[in-house]
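As C-alpha cells, the structure follows; a few thoughts come after it.
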Amino acid sequence: MSTIRIATWNINSLRLRLPLLHRLVEALQPDVLCLQETKVPDELFPAEGVAELGFGHALHWGMKGYNGVAILSRLPLERLEAPDWCGKSDCRHISARVAGDVTVHNFYVPAGGDVADRAVNEKFGHKLDFITEARAHFEAQAPARSVLVGDLNIAPLEHDVWSHKQLLDVVSHTPVETEGLLAWQRAGFQDALRHFVPEDQKLYTWWSYRNRDWRASNRGRRLDHVWTTPDLTPLSHQILVDARDWPQGSDHVPVCVEIGV
DNA sequence: ATGGTAGGTCTCCTA
C-alpha cells in the first residue's frame, strides 16, 4: 500500500496569499493540495509560483472576483468532467484522477447568505439545491476510491460548532443544512476527520474575521471537510490551527489527511 | 440586539 497526503484550504485569494503556501507546504508536505476561493480567473492563474512550490501539476477553474477552485499536485493529474451544479458554471467544483485510480473531488459549496429561509434569501435556496444535487449525483453514481474535500460551508455535528444551541438558526448549522450534508455524505463517503477525532470533542477549521481575539473567544466552526470512500484508509490527520495567526491569513485553516491507497 | 473584518473591485458584493 502506498500513501498520499491530501490537503484542503480555503485560501481566500490565491494571488494575495501565494507566499503563505510555502508555510503550508513546509508544515503539511501535501502531495495534493486543493484550494477554494482562489478568486483568480484562469488566464491569471499563477502557474509559475505554484510550480516553484513543487507542484508541477495544477488544474484550476476560476472566475473574476468570486469563488474559484484549484488542485495542485506533485503527481500527474488527469482532469475529470464535473457536473454543472445548479446550471451556474460558477467555479465551485473541480475533480481529477491521481496516483493511477484515485479520484479527488474539490468542492466550494455556496455559503448561503445570512437568512436561513429560501423564501426570502435566494442564496440559501442555491445552497440547499447545490447539496441536494450533489447528493443525487453520488447516489446515482456510487463513488469508489475517492476523496472528497473542500469548504462545504456546513458544520454538520453538534461539536462542529462552538455552541450548538446558539447556532441552530445560523446559516451553516441549521437542521436542513446539516441533514442535507449528512445525506450527501451517506451517498458513499466517510468523514475522515471524525475518524480521528471523536464526535463528542470540539473540532473547528474556521474562525470569523470579526472576532477580535479568535483564539480567546474560540467561536469556531468545522466548515472544511475530508471525506473518503470505505475502500481507502485514512492514516493520520492534521489541522493547522496555527495558520489562523499567519500574517494576513485566511479565516479558514488548512486540513490534511494521509491516506493509504 | 448589534456589529464586528476581509478581499476584490469600482461602489458595493460576498463571505
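Residue numbering restarts at 1 for every chain, and letters A, B, ... go by the order of the sequence lines.
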N/O donor to acceptor pairs below 3.5 angstrom from side-chain atoms of residues 116-124 of chain A, sequence neighbours left out:
residue: Asp117(A); atom: OD1; partner: Ala119(A); partner atom: N; Å: 2.8
residue: Arg118(A); atom: NH1; partner: Asp129(A); partner atom: OD1; Å: 3.3
residue: Arg118(A); atom: NH2; partner: Asp129(A); partner atom: OD1; Å: 3.1
residue: Arg118(A); atom: NH2; partner: Asp129(A); partner atom: OD2; Å: 3.1
residue: Asn121(A); atom: OD1; partner: Lys123(A); partner atom: N; Å: 3.0
residue: Asn121(A); atom: ND2; partner: Gly112(A); partner atom: O; Å: 2.9
residue: Asn121(A); atom: ND2; partner: Val115(A); partner atom: O; Å: 2.8

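- Nucleotides dT5(B) and dT9(B), compared at atom P, are 22 Å apart to the nearest Å.
- Spacing between atom CD1 of Ile11(A) and atom C1' of dG8(B) amounts to 15 Å, rounded to whole angstrom units.
- Closest to the Lys64(A) side chain, of the nucleotides dC10(B), dG4(B), dA15(B), is dC10(B).
- Contacts of Arg219(A) with the nucleic acid, taken as non-hydrogen atoms under 4.0 Å apart, are absent.
- OP1 or OP2 of dT14(B) has at least one side-chain nitrogen or oxygen of Lys123(A) nearer than 4.0 Å.
- Donor-acceptor pairing under 3.5 Å, judged by distance alone, is present between the side chain of Arg210(A) and the base of dA15(B).
- Distance noted for atom C1' between dT11(B) and dG7(B): 14 Å (whole Å).
- Of the N and O atoms on the side chains of Asp245(A) and Trp214(A), at least one donor lies less than 3.5 Å from an acceptor on the other residue.
- Look at the C1' atom in both dA1(B) and dC12(B): the space between them is 25 Å, to the nearest Å.
- The CD atom of Gln248(A) sits 16 Å away from the P atom of dT5(B) (whole-angstrom rounding).
- In this structure, the nucleotide among dG8(B), dA15(B), dG4(B) sitting nearest to the side chain of Arg212(A) is dG4(B).
- Nucleotides dG3(B) and dA15(B) place their C1' atoms 15 Å apart, quoted to the nearest Å.
- Straight-line distance between the C1' atoms of dT14(B) and dC10(B): roughly 15 Å, to the nearest whole Å.
- Relative to the ring axis of Trp206(A), Arg221(A) does not place its NZ or CZ within 45° and under 6.0 Å from the centre.
- A donor-acceptor contact closer than 3.5 angstrom is absent between the side chains of Ser172(A) and Glu177(A).
- Taking the charged nitrogens against the carboxylate oxygens, Asp242(A) and Arg215(A) do have a contact shorter than 4.0 Å, which makes a salt bridge.
- If you measure from atom CH2 of Trp246(A) to atom P of dA6(B), you get 17 Å, rounded to the nearest angstrom.
- Rounding to whole angstrom units, CH2 of residue Trp206(A) and P of dA6(B) are separated by 13 Å.
- For the pair Leu16(A) and Gly113(A), nearest-nucleotide mapping onto DNA chain B gives the more 5' position to Leu16(A).
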